[in-house]
Amino acid sequence: MPQCQIFTAAEIDLFRKSGAILRGCLEYLAPKAVAGSTTLELDRLAEEFIRSKGGLPAFKGYKGFEHTLCTSVNEEVVHGIPGKRVLQDGDIISLDCGVVYEGIITDACLSVGVGTISPEAAKLLEVTKKALDAGVAAVRGGGRTGDISAAVQRVVESGGFTCVSALTGHGLGYTVHQYPDVPNIGKAGTGAMLPVGTAIAIEPIVTAGTDDDLSMGDDGWTLSMKDGALSAHFEHTIVVTEKGCEVVA
Ligand code: MG
Ligand code: MG
């Protein structure tokens, strides 16, 4: 049976430092996702920010990915490649980023609206963020990944939206993705046990449609909703504690 990696106090301190750079980066970027900017400009700003704080972009070079950010716009769900696309008023964009600091990787994402967005898009962002908060609140040492899955699923479905079932959160540490998977659909009390001192990324990925089929772009990375529905993505990296967790990014 695979087991969750347990980190030392010194390593957990590195998660905090890695996460502080990542949080700072996303806070810096969010207001820069404005109409007229390109996704490649956001990527450049993210890389400069991370390096200026002594970190390294965790996604750059991962399985051949060449950028610091994943920028997924509207019906694009995850792994959008930064490029010449110019953001338009009314778009929503997810900014997914990873930082390495002294070997320790943190992974976080937020979705923002560009200019004035539709009420449906605004609700999708709000519900997805709330689902992340509910997932984080469901963590405790000795609990199960399914506790998180059930909390996320409940908020998403009661908000009238659909979790994209093929995409999950994950363990992380010295690698970007490791055991366990943290699904966004499931039952409390099931799934992998989360020991105190392990680290996971919790990341609800949600579509405004009812169908969660994905299609792969010609670039070999970008996953989009097949039906063209809007999607949103929020993510934190957390370290499991006895009574709950510490959000590090
Ligand atoms: Mg991520
Ligand atoms: Mg992740």
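Whatever order the structure lists ligands and atoms in, that order sets their numbers, starting from 1. All of these numbers come straight from a predicted model, not from anything done at the bench.
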Give a yes or no on whether a salt bridge exists between K60 and E47, defined as a side-chain N under 4.0 angstrom from a carboxylate O.
yes
Below 2.8 Å, any N, O or S contact between C109 and the Mg ion (ligand 2)?
no
Give the atom name of whichever N/O/S atom in E235 sits closest to the Mg ion (ligand 1).
OE1
On the six-membered ring of F161, is K123 placed so that its NZ or CZ lies under 6.0 angstrom from the centre and within 45° of the ring axis?
yes
What do you get for the angle at the Mg ion (ligand 1) between OD2 on D96 and OD1 on D107, to the nearest 10 degrees?
150°
Can the ring centres of Y62 and H177 be said to be less than 6.0 Å apart?
yes
N, O or S atom within E203 nearest to the Mg ion (ligand 2), by name
OE2
R16 bridged to D13 by N-O distance under 4.0 Å
yes
